[in-house]
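Working notes, structure below.
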Amino acid sequence: MSDLECIVDAKAELGEGVFWSVRESVAYWVDIQGKRVHRYDPSVGESKTLQLDRMIGTLIENAEGGLVAGMQDGVYALDFETGKTKHWCDPMGGDESNRLNDGKAGPDGRFYVGGIGAEGQQDLYCIDRDRSWRVVESDITCSNGLVWSLDHGKLYYIDTPTKEVVAYDFDFEEGLLRNKRTAVSIDESLGLPDGMTIDREGKLWVAHWMGSCVRRWDPDTGKILQTIPMPVEKVTCCAFGGAGLNDLYITTASVGMEDGDWEKQPQAGGLFRIRLDVGGVPGFLFKGRALVGA
């Protein structure tokens with residue numbers, strides 16, 4: 001395992017949603033409150049930024065090219081190079097008190113993305129390949145980390161205030177969730193669970209908001225296997241990337257920090273990276289037409 005390093009000192013307000021593009025060999029991530037998309041190219045150590053006009057919670061990649069974004073007011077196609085967007089749908093029905101938060105493409109090629117807002121009144125949505133949508137889980141407050149088991153038979157999911165990682169049986173053909181149960185219970189003293197990824201051994205890596213770390217959890221036993229201490233409190237998301245998918249990319253936040261906090265956490269809001277002994281698996285692609293002009 002290599003040393004942890006801050007590779008982009010972006011001072012993001014709410015860094016989130018990091019994922020590795022196998023197609024481009026770059027890491028994408030967002031600053032939700034800063035309304036920005038970042039793209040980091042490790043081959044040259046260069047970061048580029050796209051400024052948007054609305055908050056963006058998450059990004060996924062499309063099999064036919066381009067990106068799909070869960071934004072403040074719905075789902076969009078997004079072209080990073082031109083900055084052009086095209087609105088697809090708003091499963092929240094225009095409710096300005098809510099917004100889309102974390103999301104990922106599933107092994108079935110659909111887009112699963114959840115809301116954040118009033119307590120217990122949010123949903124986890126499935127955006128189908130034809131851009132239609134439906135609710136697959138309700139009674140959520142802050143929809144966050146989600147990842148599929150290696151055999152694609154389970155979805156692991158986090159609603160942050162519950163302080164749990166739950167597991168569902170995943171219906172690949174229909175895109176449905178069944179048989180909810182607790183996989184990991186997290187004591188509040190460890191920080192709140194936020195974004196999440198999975199490694200090649202089927203273990204879960206969870207970013208701990210206000211916990212100053214990323215932890216590796218065993219979803220079968222609910223036990224902690226490894227802890228990566230971070231130099232910032234608000235750790236938000238993580239994803240495997242790089243050659244061999246052995247680098248863990250980690251986003252952080254600086255929202256709510258004051259002068260004294262910056263003295264203690266000068267790299268808050270940065271993108272971090274650490275090389276691990278265990279690697280990850282490639283992310284899935286949305287298998288619909290996501291090009292801005294489509």
Side-chain angles (χ1 to χ4, degrees), residues 4-21 24 26-42 45-61 67-72 78 80 83 99-104 113-116 142-147 158 160 191-197 205-215 228-242 247-258 261-262 264-274 280 283:
L4 179 75
E5 56 180 336
C6 181
I7 53 175
V8 184
D9 190 10
K11 302 288 189 294
E13 294 179 66
L14 188 50
E16 262 285 7
V18 62
F19 81 90
W20 178 258
S21 167
E24 299 182 47
V26 299
Y28 281 96
W29 59 292
V30 304
D31 180 354
I32 296 176
Q33 294 191 2
K35 304 175 183 177
R36 298 183 181 96
V37 178
H38 298 279
R39 182 173 66 184
Y40 175 74
D41 184 348
E46 180 180 78
S47 182
K48 295 183 178 180
T49 301
L50 171 64
Q51 181 68 56
L52 300 172
D53 61 357
R54 68 201 70 207
M55 288 190 286
I56 176 169
T58 193
L59 279 173
I60 61 170
E61 205 166 15
L67 302 167
V68 183
M71 293 199 189
Q72 182 174 342
L78 170 66
F80 182 86
R99 65 167 173 81
L100 293 179
N101 200 44
D102 203 356
K104 284 193 173 97
V113 59
I116 179 173
C142 181
S143 186
N144 258 314
L146 65 169
V147 72
I158 292 170
T160 291
L192 296 173
D194 199 326
M196 176 171 58
T197 191
W205 294 79
V206 178
H208 286 247
W209 176 267
M210 298 304 294
S212 303
C213 70
V214 174
R215 286 191 171 90
I228 299 175
M230 299 286 297
V232 302
E233 283 185 328
K234 296 169 181 174
V235 186
T236 56
C237 192
C238 54
F240 285 96
D247 293 330
L248 191 68
Y249 286 81
I250 305 166
T251 52
T252 63
S254 65
V255 61
M257 288 180 51
E258 300 177 352
D261 299 316
W262 282 109
K264 299 174 183 176
Q265 305 174 56
Q267 295 175 320
L271 176 68
F272 291 79
R273 180 179 61 191
I274 184 170

For [X] against [Y], the heavy-atom pair lying closest together:
X: T251; Y: E16; value: OG1-CA, 3.6 Å
X: C238; Y: G195; value: SG-O, 4.5 Å
X: D194; Y: W209; value: OD2-CE3, 3.9 Å
X: I32; Y: I56; value: CG1-O, 3.1 Å
X: C237; Y: A207; value: N-CB, 3.4 Å
X: Q265; Y: E233; value: OE1-N, 2.8 Å

Verify, without hydrogens or angle tests, whether [X] (side chain) and [Y] (backbone) share a donor-acceptor contact under 3.5 angstrom.
X: D247; Y: G242; value: no
X: S254; Y: A12; value: yes
X: K104; Y: I60; value: no
X: T252; Y: G270; value: yes
X: T197; Y: A239; value: no
X: T236; Y: A253; value: no

What do the steps show when you test S21 against E61 for side chain to side chain donor-acceptor pair (under 3.5 Å), and what is the final call? CA-CA 7 Å; S21 167; E61 205 166 15; 2.7 Å; yes

Worked check of side chain to side chain contact (heavy atoms under 4.5 Å, CB included) between V206 and I158: CA-CA 10 Å; V206 178; I158 292 170; 4.1 Å; yes

Quick check: Y28 with F80 (ring centres under 6.0 Å apart)? yes

Interatomic spacing from CZ in F272 to CG in D9 - rounded to 0.5 Å: 7.5 Å

Euclidean distance, L50 CG relative to K35 NZ, rounded to 0.5 Å: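 Spacing of NZ (K35) from CG (L50) equals 13.5 Å.
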
Given the rule in the side chain to side chain contact (heavy atoms under 4.5 Å, CB included) test, do V26 and F19 qualify, once you have shown the distances and angles that lead to the verdict? CA-CA 9 Å; V26 299; F19 81 90; over 6 Å; no

Are a donor atom and an acceptor atom from the side chains of N144 and T160 found within less than 3.5 Å of each other?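 T160 and N144 do have a side-chain donor-acceptor pair below 3.5 Å.
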
Determine whether I250 and V18 satisfy the following criterion, side chain to side chain contact (heavy atoms under 4.5 Å, CB included), listing intermediate values before the conclusion. CA-CA 7 Å; I250 305 166; V18 62; over 6 Å; no

Should the ring pair Y249 and W20 be called parallel, tilted or perpendicular, given that the plane angle runs from 0 to 90° and is split at 30 and 60? parallel

Can you tell whether the side chains of R39 and D41 come within less than 4.0 Å, N to carboxylate O?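 So R39 does not pair with D41 through a salt bridge.
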
State whether the number of non-hydrogen atoms from other residues, nucleotides or ligands found under 6.0 Å of Q51 atom CD is greater than 12.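 Counting other residues, nucleotides and ligands, CD of Q51 exceeds 12 neighbours.
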
Stepwise side chain to side chain contact (heavy atoms under 4.5 Å, CB included) test for M210 and K234: CA-CA 5 Å; M210 298 304 294; K234 296 169 181 174; 3.6 Å; yes

